[in-house]
Structure formats: C-alpha cells, structure tokens
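Inspection log for the structure reproduced underneath, given as structure tokens.
Excluded from the calculations below are hydrogen atoms, water molecules and symmetry mates; all remaining heavy atoms, backbone and side chain alike, are included. Just so you know, ligand 1 is whichever comes first in the structure, and atom 1 is the first atom listed for that ligand.
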Amino acid sequence: QLTPNFYSKSCPKVFDVVRSVIRSAVAKEKRMGGSLLRLHFHDCFVNGCDGSLLLDDTPSFTGEKTAAPNNNSVRGFNVIDDVKSKVEKVCPGVVSCADILAISALESVLALGGPSWKVKLGRRDSKSASLAAANSGVIPPPQSTLSNLINRFQAVGLSAKDMVALSGAHTIGRARCTAFRARIYNDTNIDASFAKSRQSNCPRPSGSGDNNLAPFDVTTQDKFDNKYYTNLISQKGLLRSDQQLHNGGSTDSLVEQYSKNPKSFSVAFAAAMINMGDIRPLTGSNGEIRKNCRKVNS
Ligand code: HEM
Ligand SMILES: [Ca+2]
Ligand SMILES: [Ca+2]
C-alpha cells in the first residue's frame with residue numbers, strides 16, 4: 001500500500017526539508033550518515049517499519065533503545081528530532097516518524113555518494129514498542145553464521161540476495177570493539193595485518209576499550225561505495241557476520257559480483273532498501289502520526 005507519491009499533495013516539500021537537515025548533519029559528522037541508515041534497519045526488523053525504535057522509555061514502559069542490539073550503540077535521535085520539527089513546521093501532523101526514518105536513510109546514503117531509490121511512503125507510527133522483540137534475535141548479532149543471517153532476513157521476507165546487498169551498508173559507519181573483539185583475536189579467516197591493526201585499538205581483555213571505534217571499511221570509511229565487498233575478498237571483514245558472506249559458502253559469488261561491478265551493487269542495494277522498507281508497515285487507520293517521534297500522542 002505504500003507509494004512514493006504519498007505526500008505529493010499533503011507535504012510536497014518533505015524531501016527538501018529532510019535533505020537539508022541530513023546534509024548539514026552529515027557535513028558536521030560523516031559517521032552520522034551511517035548511524036541514520038542503521039536506525040531504519042533496526043526499526044524495520046522489530047515489528048516492521050513503524051517508528052517503534054524512536055520511542056523513549058517512560059516510567060510505565062521500556063522501549064527498544066536499551067535492547068542489546070541498540071544499547072550504547074544506536075545514535076542519531078537528535079537529528080531525527082530536528083528533521084521532525086522542521087517537517088512539522090511546513091506540514092503539521094502529516095508525515096510519520098517511520099517515513100522520516102525511511103527518507104533520512106535515503107538522504108544519508110545520497111549524502112555519502114551512494115545510490116538513489118524511490119522511497120515508498122505512507123507508513124504510520126506505532127503506539128508502542130517491544131523491548132522483548134528487539135532482544136529476541138530478530139536483529140542478527142555480529143557473531144551470526146551465514147545460515148543465521150539468511151534465516152533472520154528470510155523471517156522478515158527478505159532474500160539472501162537482499163541480505164548480501166543490505167550488508168553493503170557496512171561500507172560506511174563504525175563499530176565498537178565489543179562487536180569485533182572475538183574476531184580479531186580468535187578467527188583464522190582474517191587478514192593477519194588487518195587483525196593486528198584492529199587489535200591496536202581494541203584490547204583483548206573484555207572491559208577495556210569496549211567502546212573504542214573502528215571503521216567498517218578499511219579503504220573508504222565515509223564513502224558509500226562497493227569497497228565493503230572487496231574487503232571481504234581479502235578477509236578484511238570487521239565483524240564475523242561480515243566475513244561470513246565470503247567464506248566459501250553460497251553467497252561468495254554475489255560478493256564477488258558486487259566487488260567487480262559497482263553498478264550491480266547499486267541496483268541491488270536500492271531494490272533491497274525498498275524491500276526492507278516494506279516490512280509490515282502500519283497503514284490506513286492503524287497507528288498514528290506522532291507529533292514528537294519520542295512519544296505517543298496523548
Ligand atoms: C546482516 C546483518 C547485520 C549485522 C550482524 C550487523 C551488525 C552491526 C553491528 C554489530 C554494528 C556495530 C554496532 C556497535 O558497535 O555499536 C553495526 C553497525 C552498522 N550497521 Fe549493521 N548489521 C547488519 C546489517 C545492517 C544493515 C541491513 C544495515 C543497513 C541497511 C546496517 C547498517 C549499519 C551501519 C551504517 C552501521 C554503523 C553505524 C554507526 O556508525 O553509527 N547493518 N551493524
Ligand atoms: Ca519497528
Ligand atoms: Ca566505503
């Protein structure tokens with residue numbers, strides 16, 4: 001039911017407004033582009049693309065922000081607030097927070113030189129969030145095997161091809177030492193000099209340097225390109241889950257294709273983002289259009 005033209009009459013300026021906020025946020029800090037793209041992913045995988053991730057905890061309810069995959073990790077909520085308040089100024093009560101996440105994901109990728117796609121719109125916002133669902137493993141952990149990755153994506157209606165293309169989002173952004181420590185000290189399917197250089201800023205004992213950051217992409221950390229796949233072929237995937245995509249299994253050939261042919265990656269990524277954005281949206285009279293993305297309307 002989602003359609004790219006959903007706001008063409010009710011809020012024709014929405015893309016311009018989102019773009020200007022995202023461009024200045026990314027100009028200030030390039031990493032923010034990745035952080036915002038990830039918010040849409042973590043929203044969509046937990047009960048669909050319904051803005052649930054954005055709800056703050058209250059005394060009577062705990063939302064998704066402190067769930068294991070999100071806690072101390074997801075970021076960019078202030079930028080989403082900024083987008084929302086500027087959109088509210090031009091079209092009050094019209095554009096959902098779930099759609100703002102979807103448009104912000106596109107604008108973030110564009111700001112870092114990535115491909116475009118026709119974002120489908122018309123999602124409505126949830127009136128609740130689910131800590132339990134966010135903790136249930138629907139968002140795959142960084143130690144996932146290839147079969148777990150394929151299964152997690154299949155569970156939300158996405159193919160293995162979508163999974164490989166969407167993982168290409170790790171061409172930008174940063175990860176914390178806790179997410180890649182086990183890999184750089186224990187794994188054998190890793191380039192030795194890459195492991196060594198990552199170890200220099202991620203000490204072995206857990207509890208020391210846990211939040212130290214490393215770029216996902218050793219070559220072009222803030223450029224949205226296909227170098228993620230080239231890195232995998234040279235065993236420079238940062239997470240175990242990244243390297244799983246090129247480890248002698250069924251997805252090796254797609255990784256090789258995307259590394260050789262940037263256009264085929266762009267096309268696949270764009271299609272997969274549209275598919276991800278279609279996960280179980282609230283539409284029609286379900287949900288609401290939140291006034292403030294952090295809380296349900298009163
Ligand atoms: C395939 C399964 C995936 C796994 C296991 C995974 C895991 C992770 C982990 C562990 C981090 C680092 C978090 C931290 O250290 O705080 C991360 C960051 C990130 N992920 Fe993924 N991810 C996956 C798929 C995706 C998808 C589908 C997207 C978007 C389309 C995405 C976009 C990002 C971005 C951009 C970052 C960097 C965020 C920042 O710098 O703030 N990831 N991911
Ligand atoms: Ca959600
Ligand atoms: Ca890159």
Salt-bridge contact R31-D222 (side-chain N to carboxylate O under 4.0 Å): no
Ligand 1 versus R75: contacting region, heavy-atom distance under 4.0 Å: side chain
N, O or S atom of D222 closer to the Ca ion (ligand 3) than 3.0 Å: no
OG1 (T171) - the Ca ion (ligand 3) - O (T220) angle, nearest 10°: 160°
Working for ring-ring contact (aromatic ring centres under 6.0 Å, His included), residues F224 and F269: CA-CA 11 Å; F224 197 100; F269 184 80; 4.9 Å; yes
Pair E29 + R75: basic N to acidic O under 4.0 Å: yes
Test item: Q221 side-chain N/O and I172 main-chain N/O as donor-acceptor pair under 3.5 Å: no
K223 N/O/S atom closer than 3.0 Å to the Ca ion (ligand 3): yes
Identified side chain to side chain contact (heavy atoms under 4.5 Å, CB included) counterpart of S104 within the set V109, I80, D99, V119: I80
P141 heavy atom under 4.0 Å from ligand 1: yes
Of the N, O or S atoms in D225, the one nearest the Ca ion (ligand 3): OD1
C202 and its side chain to side chain contact (heavy atoms under 4.5 Å, CB included) partner, picked from R183, R181, R176: R181
Interfacing atoms of ligand 1 (cut-off 4.0 Å, heavy-atom, R31): 39 (C), 40 (O), 41 (O)
Minimum non-hydrogen distance to atom 37 (C) of ligand 1, winning option of R174, Q244, Q221: R174
Protein N, O or S within less than 2.8 Å of atom 21 (Fe) of ligand 1, waters excluded: H170 NE2
Where ligand 1 meets R176 - atom numbers and elements under 4.0 angstrom, heavy-atom basis: 14 (C), 15 (O), 16 (O)
Expected output: side-chain D210 to main-chain G207 donor-acceptor under 3.5 Å: yes
Cation over ring face, K13 and Y7, 6.0 Å, 45°: no
F216 to ligand 1, any heavy atom closer than 4.0 Å: yes
Atoms (protein N, O or S; no water) under 3.0 Å from the Ca ion (ligand 2): 6
Closest non-hydrogen atom pair between A272 and A165, with its separation: CB-CB, 4.3 Å
Structural part of S241 in contact with ligand 1, heavy atom criterion under 4.0 angstrom: side chain
Per-atom contacts of ligand 1 with L166, taking only distances under 4.0 Å to non-hydrogen atoms: 26 (C), 27 (C), 30 (C)
Pair T145, N148: side-chain N/O donor-acceptor within cut-off below 3.5 Å: no
L149 neighbourhood, listing ligand 1 atoms whose heavy-atom distance to it stays under 4.0 Å: 1 (C), 2 (C)
Name, closest N/O/S atom of D217 to the Ca ion (ligand 3): OD2
Atom of M276, atom of F45 and distance for their closest heavy-atom approach: SD-CE1, 4.0 Å
N-O pairing of R280 and D50 below 4.0 Å: no
Closest heavy-atom pair and its distance - S108, G33: CB-O, 3.3 Å
Under 4.0 Å to a heavy atom of F153 - the qualifying atoms of ligand 1, by number: 1 (C), 2 (C)
Donor + acceptor pair across side chains of T171, D225 (<3.5 Å): yes
Shortest protein heavy-atom distance from atom 35 (C) of ligand 1, along with the residue and atom involved: G34 O, 3.1 Å
Aromatic plane relationship, H170 with F216 - under 30° parallel, 30 to 60° tilted, over 60° perpendicular: parallel
Inter-residue atom distance D187.CG - Q143.CD, 0.5 Å rounding: 8.0 Å
Heavy-atom gap P140 to ligand 1 smaller than 4.0 Å: yes
Closest to atom 16 (O) of ligand 1 among S144, S73, G168, P142 (heavy-atom distance): S73
K120 to L2 - nearest heavy-atom pair and separation: CE-O, 3.5 Å
Ion pair check, K260 and E256, cut-off under 4.0 Å: no
Ring center gap for Y229 and F265 short of 6.0 angstrom: yes
N or O pair under 3.5 Å between S35 and ligand 1: yes
